[in-house]
Amino acid sequence: MLCPAGKWQRESRKRQFLPFVCGCLAEKGENMNRKEKKTVLAAAVFAAAFGIAPGANAMHIMEGYLPAGYCIAWGVLCIPFLLAGFYTIRRRLRADRRSITLLAMSGAFIFVISSLKIPSVTGSCSHMTGTGLGAILFGPAPVSILGVIVLVFQAVLLAHGGLTSLGANTFSMAIAGPVLSYGIYAVCKRWGVNKRVSVFLAASLGDLFTYCVTSVQLALAFPAPEGGAALSAVKFLGVFAPTQIPLAVVEGILTVIIVIGLEVYAQPELRTLETEKGAGV
């Protein structure tokens with residue numbers, strides 16, 4: 001989940017910046033050869049591009065950043081998923097109370113791993129989501145409940161995200177990401193892909209998809225003056241990608257390690273979960 005906290009810089013700054021640099025090059029040209037001029041100009045273009053990029057601080061959308069209408073719309077969109085998650089967890093616990101241990105572990109994993117924010121040179125703070133593990137073990141519906149609980153605690157206790165933006169953050173991290181993780185894991189399992197590879201792909205791609213959805217949420221609320229929401233989404237993705245891609249790889253590896261540990265120390269509980277999912281519980 002992202003905490004964007006800046007405003008768009010005007011395109012005019014770029015139009016003013018580049019002529020200024022080119023003028024300086026013309027004045028001091030006798031001191032630089034053609035290759036050096038091209039290098040400086042390329043650096044100027046790079047700097048200007050980042051100068052008009054959207055500001056962002058983390059994956060959770062911060063308190064008060066989204067317009068009220070968007071906050072309400074994303075919150076309403078989450079309601080059916082949360083109801084499905086609540087009923088699924090209730091059925092699971094009625095069928096086997098011991099599964100609460102793995103459920104609590106999945107929730108703790110989400111809380112800890114998504115609270116570790118990593119700074120980025122592009123002006124954002126990224127973090128892993130941890131929702132892939134719960135989606136693999138329980139399916140995507142229960143993870144929506146785990147995710148919203150984590151997001152409430154983080155918003156209240158850590159000022160990470162916000163209560164007004166809870167709906168948007170829940171949809172991106174606790175719904176969209178887990179749905180993709182579960183879908184990838186199910187497809188890989190059906191195709192006979194190695195289990196550890198399946199877990200890695202599910203966790204890492206689910207993490208990346210969360211950021212893609214958040215970028216779209218921000219783009220819809222704050223479209224670029226020229227290019228609209230599509231260009232805005234590309235710019236937000238460009239801000240998050242440099243940090244989030246390696247973090248997604250790390251999350252995939254950590255999830256594989258945890259699953260290996262569960263296979264060693266919690267084999268009976270895993271068998272029970274597989275039986276319940278096969279029976280549609």
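Just so it is clear, the model here is predicted, and its values are computed rather than measured.
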*Hey, mind stepping through Cys212 and Leu237 against side chain to side chain contact (heavy atoms under 4.5 Å, CB included) and telling me if it holds?*
CA-CA 7 Å; Cys212 292; Leu237 286 170; 4.0 Å; yes
field: Exam field: side chain Tyr70 to backbone Leu220, donor-acceptor pair closer than 3.5 Å
entry: yes
d(Leu201 CG, Ile184 CD1) to nearest 0.5 Å is 7.0 Å
**Asked** Honestly curious: do Leu83 and Val76 fall in one hydrophobic cluster under the side-chain, below-4.5 Å linking rule?
**Response** no
Value for CG (Asn194) from NZ (Lys189), rounded to nearest 0.5 Å, stands at 13.5 Å
Correct closest heavy-atom pair for Ala135 and Tyr182 would be O-CD1, 3.3 Å
Between Ala202 and Ser181 the two heavy atoms that sit nearest each other are O-OG, 2.8 Å
One should read off an interatomic distance between Leu180 CG and Tyr185 OH, to the nearest 0.5 angstrom, of 15.0 Å
Are Ile72 and Leu77 linked, directly or through other ILVMFWY residues, by side chains that come within less than 4.5 angstrom of each other? no
- Between Leu66 and Gln217, is a side chain to side chain contact (heavy atoms under 4.5 Å, CB included) present by the stated rule, with each step listed? CA-CA 9 Å; Leu66 287 179; Gln217 290 174 324; 5.8 Å; no
The side-chain contact (heavy atoms from CB on, under 4.5 Å) partner of Val148 among Asn169, Ile175, Leu82, Val143 is Leu82
Practice task
Answer with yes or no whether the hydrophobic clustering places Ile149 together with Leu93; edges join I, L, V, M, F, W, Y residues whose side-chain heavy atoms lie under 4.5 Å apart.
Solution key: yes
Any donor-acceptor N/O pair, Thr210 side chain to Gly206 backbone, under 3.5 Å
yes
Heavy atoms of Phe240 and Ser215 approach each other most closely as CD1-OG, 3.5 Å
message = For a side chain to side chain contact (heavy atoms under 4.5 Å, CB included) check, start with the C-alpha distance between Val249 and Ser204, then their side-chain angles and the critical distance, and finish with the verdict.
response = CA-CA 6 Å; Val249 173; Ser204 57; 5.7 Å; no
Nearest heavy-atom approach of Gly167 to Cys78 is O-SG, 3.2 Å
For Gly130, does its backbone N or O pair with a side-chain atom of Glu251 as donor and acceptor, under 3.5 Å? yes
Q.
Could you walk me through whether Ile113 and His127 satisfy the side chain to side chain contact (heavy atoms under 4.5 Å, CB included) test, starting with their C-alpha distance in whole Å, then the side-chain angles of each, then the deciding distance to 0.1 Å, before giving a yes or no?
A. CA-CA 7 Å; Ile113 205 171; His127 61 78; over 6 Å; no
Evaluate the side-chain proximity of Leu218 to Ser232: yes if any heavy-atom separation is below 4.5 Å, no if none is. no
Here the gap from Thr255 atom OG1 to Arg196 atom CZ, rounded to the nearest 0.5 Å, amounts to 14.0 Å
In short, Ala219 meets Ala233 closest at the heavy-atom pair CB-N, 3.4 Å
query: Sub-3.5 Å donor-acceptor pair from the side chain of Ser144 to the main-chain atoms of Ala174, do we have one?
result: no
Task: Linked, directly or transitively: Leu151 and Val156 (ILVMFWY side chains, under 4.5 Å) - done: yes
- [ ] Ignoring hydrogens and angles, tell me if any N or O in the side chain of Asp207 forms a donor-acceptor pair with the backbone of Ala203 under 3.5 Å.
- [x] no
Review point. Does a donor on one side chain and an acceptor on the other come within less than 3.5 Å for Glu269 and Ser99?
Key: no
Task: Close side-chain approach of Phe209 to Pro178, heavy-atom, < 4.5 Å - done: no
Plane angle bin for Phe153 and Phe111 - parallel if under 30°, tilted between 30 and 60°, otherwise perpendicular | perpendicular
4.5 Å side-chain heavy-atom contact, Val187 and Val193: no
Here the gap from Phe138 atom CZ to Leu133 atom CG, rounded to the nearest 0.5 Å, amounts to 8.5 Å
Check your understanding: Same cluster for Phe81 and Phe86 if Ile/Leu/Val/Met/Phe/Trp/Tyr side chains link at under 4.5 Å?
Key -> yes
Here the gap from Leu262 atom CG to Ile136 atom CD1, rounded to the nearest 0.5 Å, amounts to 10.5 Å
Is the backbone N or O of Val213 less than 3.5 Å from a side-chain atom of Ser172, with the two atoms forming a donor-acceptor pair by type?
-> no
Under a plain distance cut-off of 3.5 Å, with no hydrogens placed, do Ser114 and Gln154 share a side-chain donor-acceptor pair? yes
